[in-house]
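Shown next, in structure tokens, is the structure this report addresses.
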Amino acid sequence: MSISRRKFLGWVSAAGSASLISTTAHGARKHFKGYPDCYGILYDSGFCIGCRQCEEACNAVNKLSAPVKPFDDLSVLNQKRRTTAKALTVVNRYENKKENKSPVFIKLQCNHCLEPACASACFVKAFKKTKEGSVVYDPSVCVGCRYCMIACPFEIPAYEYDEPYTPRVMKCTMCHDLIKENKLPACVEACPMGALKFGKRNALIKYARERISKFPDRYIDHIYGEHEMGGTSWLYISSLPFKDVGMREDLGITPAPELTAGALGAVPVVASLWTVLLTGIYAINRRKEKLAEREKKEAVEAAGRDKKKVSLYE
Amino acid sequence: MLSNANNTAKSILTPFNLITGAIVLVGLVLTLMRFTGGLARVSNLTDYNPWGLWIGLDLLTGVALAAGGFVSSAAVYIFGLKKYHAAVRPAILTAFLGYALVVVALNYDVGIPWRLPYPFIMQQGTTSVLFEVGLCVFLYLTVLFLEFSPAALEWLGMRKLRNLVHRLTVVLTILGVILSTLHQSSLGALFLIAPSKLHPLWYSSYLPVYFFISAIIAGLSMVLFEGAFCHHFFADKLGEAHRQEKDQIALGFGKAASWVLAGYFAIKVFGISADNNWHYLLTGYGLWYLVELLGFVLLPCLLYATGVRGRRLTLIRWTAGWTVLGIIINRLNICIIAFNWHLPASERYFPHWMEIGISVFLLTCGLIVFKFIVSRMPVLYSHPEYKETH
């Protein structure tokens, strides 16, 4: 290697700072409690009769293809379903065996997290939490890596696997366009029982609490979505424990972005420490080699001188 | 089958060519099906299981096994362990081909492959671990290309350009270590966002550390595994220096692998204690975890140590292969087997044969390119004109 030390150090610091510049954006993040006036929807299972009219309205407003079985065919409810690319919301039925009462229904769709896992995981910023409360998706930039689907704790986003050229991630938008026009989301509008209540999220939480305290025998004391994964815009109250109606109670209250913030924050540290350390180790080894070479040379020369002396005496 | 490789001049119909030819033919058909029929046509991916074999094997395992490049170049050029010099070029070549294959495999896996540059040119999702992985893999692929280019330039006789790139060796090596540290660990960090889906024994806040340390183990073992492979199939291409240094490399890398495996075992046990996950060990998943931890971490650690102590080179080489298998199992566990463990069996994922077919096809393409390069370029031997400058 025939480079001077100064040249070498120059290169290394250039390389180091380049890798730092590309990564400083990760930095620390502060706690976010959601947009102050964001909207939400409260699902009150006490009113839901499982008529699937919300599903039908959702299908129409999102211009999705018609399902094999029509929406008034309630035999669909015999099976537990999840959201798919062709059904952005689904209602599931759970038997209330314990008290031998009528069954409990749960409507599933995107919960519109205050700090969405999908938005934090997306490497092209295709997801955005709007100030109105909806989490919207921009298919025009989506690469289709499906990391959002890995990240979503509620297992909501679905993918158009059978679409060869322009597959999209599909999920509920809380009818963001309608909200902006001061209209109600399609499912809320369609519900004949008033089981879906649209409003400011803070007001909905207050209302839900009142419902629970007014009818303690009808609801369990838990507003699902108030704190789950840092809180969601969609809220639920139910007469059965949520774990008995297919909703996970073990998700915790940590917003998803915080789960990876530490690892991302370590990036600049690793990049800068490694640069200094490795350059140092390299420099020390070069120095050692040089010293060893010099010592060897001196030893050879010394041996040569001794030899001369010896031959002189002879 | 590869030993017949040197007969290619005489006949095209060698067993190697016939077998790889058949695989490539099937692979091309599958490729056509994938890009005209969509992911559903060739894969078993579902809404519950958005990542399958191509991510678990081709991406996660592929990147880990390509770690030999940064491990061996760092050992030789930064830590000054010059006696392992013969290991560097084959390792860099494997790493370069490995990463190139990862990028090709990603083109099959993502929904809209021509948008793969979008995260860098359209909008930067800097809160995403995947953004970091993508950026580092892209930069490191460039670094590996430059690191490997001297071999190609020597072959092409472009002396000036070769010497120019050669002068960048140390800078490229340092960059390579930084980028590798970042993305090897970040591949583990990808799963930090899904604590509710990955089994607690595999989920840990130390995942990035586990991935980085096990990548070093994979890199060391791959150098040995591939050394044995080349010695067997490309014996005629091995240079004198490479033949002489081979045993020393086996002993040195085996010793290093044994130490790193011991450290990896220790932090894994530490991780179980930190999360207090002991009670999971007696479940079905726990037993499988123990197979991985004892059979593919502790056992190879001891085998490497025994092999180095008694200078038993065959044992070291078999252990290298076993360790590589262990890394594959670990990555598949995290991405597929222990992922979605809470779901009923009917919702779980098993790869479609066409997914496996495409993975085999890509690996075969890599093997063909590897064979092409080592048969022509100075990888397993030193170019006589450049010996002194190495």
Side-chain angles (χ1 to χ4, degrees), chain A residues 1-3 8 11-12 15 19 22-23 25-26 82-85 117 119-125 141-147 149-151 153 155 157-159 161-167 248 250-252 256-257 259-260 262-264 266-267 270-271 274-275 278-279 281-282 285 288-289, chain B residues 35-41 43 45-48 50-51 74 77-80 109-113 115-116 118-119 122-135 139 167-171 173-175 177-179 181-182 185-186 189-197 205 208 342:
Chain A
M1 298 276 314
S2 56
I3 48 168
F8 168 76
W11 285 339
V12 168
S19 55
S22 60
T23 49
H26 296 315
R82 64 155 285 158
T83 53
T84 68
S120 142
C122 181
F123 68 161
V124 65
K125 278 193 185 155
V141 292
C142 177
V143 181
C145 72
R146 307 185 296 283
Y147 188 33
M149 298 164 71
I150 293 281
E155 301 170 325
Y159 200 62
Y161 287 106
D162 45 8
E163 176 64 52
Y165 305 116
T166 51
R248 295 188 65 168
D250 58 347
L251 296 177
L259 295 167
T260 50
L264 287 172
V267 169
V270 170
W274 257 149
T275 314
L278 294 172
T279 314
I281 293 170
Y282 171 73
N285 277 323
K288 266 190 190 163
E289 275 170 33
Chain B
F35 289 109
T36 54
L39 283 163
R41 186 75 191 80
S43 78
L45 296 171
T46 63
D47 293 333
Y48 277 123
W51 284 0
Y77 296 123
I78 297 177
F79 294 92
D109 185 80
V110 302
I112 309 180
R115 287 187 187 168
L116 270 172
Y118 271 26
M122 300 291 279
Q123 323 186 83
Q124 291 77 38
T126 46
T127 55
S128 171
V129 179
L130 197 60
F131 179 79
E132 193 205 325
V133 171
L135 189 64
L139 290 175
R167 256 184 260 159
L168 294 171
T169 304
V170 175
V171 184
T173 306
I174 292 181
L175 256 180
V177 176
I178 295 170
L179 292 169
T181 312
L182 290 178
S185 59
S186 295
L190 282 178
F191 294 90
L192 288 179
I193 207 160
S196 57
K197 297 183 184 174
S205 49
H342 62 290

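Naming convention: chains lettered A, B, ... in sequence-line order (proteins, then strands); numbering from 1 in each chain. Values reported hereafter were calculated over all heavy atoms of this structure, with side chains retained and with hydrogens, waters and symmetry mates removed.
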*Looking at A/V143, A/T260, A/L259, A/D162, which makes the most heavy-atom pairs under 4.5 Å with chain B?*
A/V143
_With a sphere of 6.0 Å drawn around CZ of B/R41, does it hold more than 12 non-hydrogen atoms of other residues, nucleotides or ligands?_
no
*Can you see which heavy atom on A/R82 is nearest to which on A/E155, and at what distance?*
NH2-O, 3.0 Å
*Between A/R146 and A/Y159, is there a donor-acceptor pair closer than 3.5 Å when you use the side chain of the first and the backbone of the second?*
no
*Hey, can you tell me if B/W51 and B/F191 have their rings parallel, tilted or perpendicular (30° and 60° cut-offs)?*
perpendicular
*Counting only heavy atoms closer than 4.5 Å, note whether B/Q124 contacts chain A via side chain, backbone, both or neither.*
backbone
*asked:* Heavy-atom pairs under 4.5 Å with chain B - which of A/A263, A/A117, A/A121, A/G252 has more of them than the others?
replied: A/A121
*Which atoms of A/C145 come close to chain B, meaning under 4.5 Å heavy atom to heavy atom: side chain ones, backbone ones, both, or neither?*
both
*Which answer fits A/A119, side chain, backbone, both or neither, if we ask what part of it has an atom under 4.5 Å from a heavy atom of chain B?*
backbone
*How close do A/S120 and B/I193 get, heavy atom to heavy atom, and via which atoms?*
OG-CD1, 3.7 Å
_Taking every non-hydrogen pair under 4.5 Å, which of A/A85, A/C142, A/G262, A/A266 racks up the most with chain B?_
A/C142
*Going by heavy atoms in the side chains, are B/M122 and B/R115 under 4.5 Å from each other?*
no
*Output the option from A/A256, A/P153, A/C122 having the highest count of non-hydrogen pairs under 4.5 Å with chain B.*
A/C122
*With chain A, which of B/L116, B/D109, B/V133 has the greatest number of heavy-atom pairs at distances under 4.5 Å?*
B/D109
_Max heavy-atom pair count under 4.5 Å with chain A, selected residue of B/S205, B/G111, B/G134_ = B/G111
*Which atom names give the shortest non-hydrogen contact between B/F35 and B/P113, and what distance separates them?*
CE2-CG, 3.8 Å
*asked:* For chain B, which candidate among A/V141, A/I150, A/D250, A/N285 shows the most heavy-atom pairs at distances under 4.5 Å?
replied: A/I150
*Considering only heavy atoms from C-beta outward, does the side chain of A/T83 approach that of B/D47 to under 4.5 Å?*
no
*Which bit of B/T46 is near chain A, if near means a heavy-atom gap under 4.5 Å: side chain, backbone, both or neither?*
backbone
_Which atoms of A/I281 approach chain B - backbone, side chain, both or neither, heavy atom under 4.5 Å_ = both
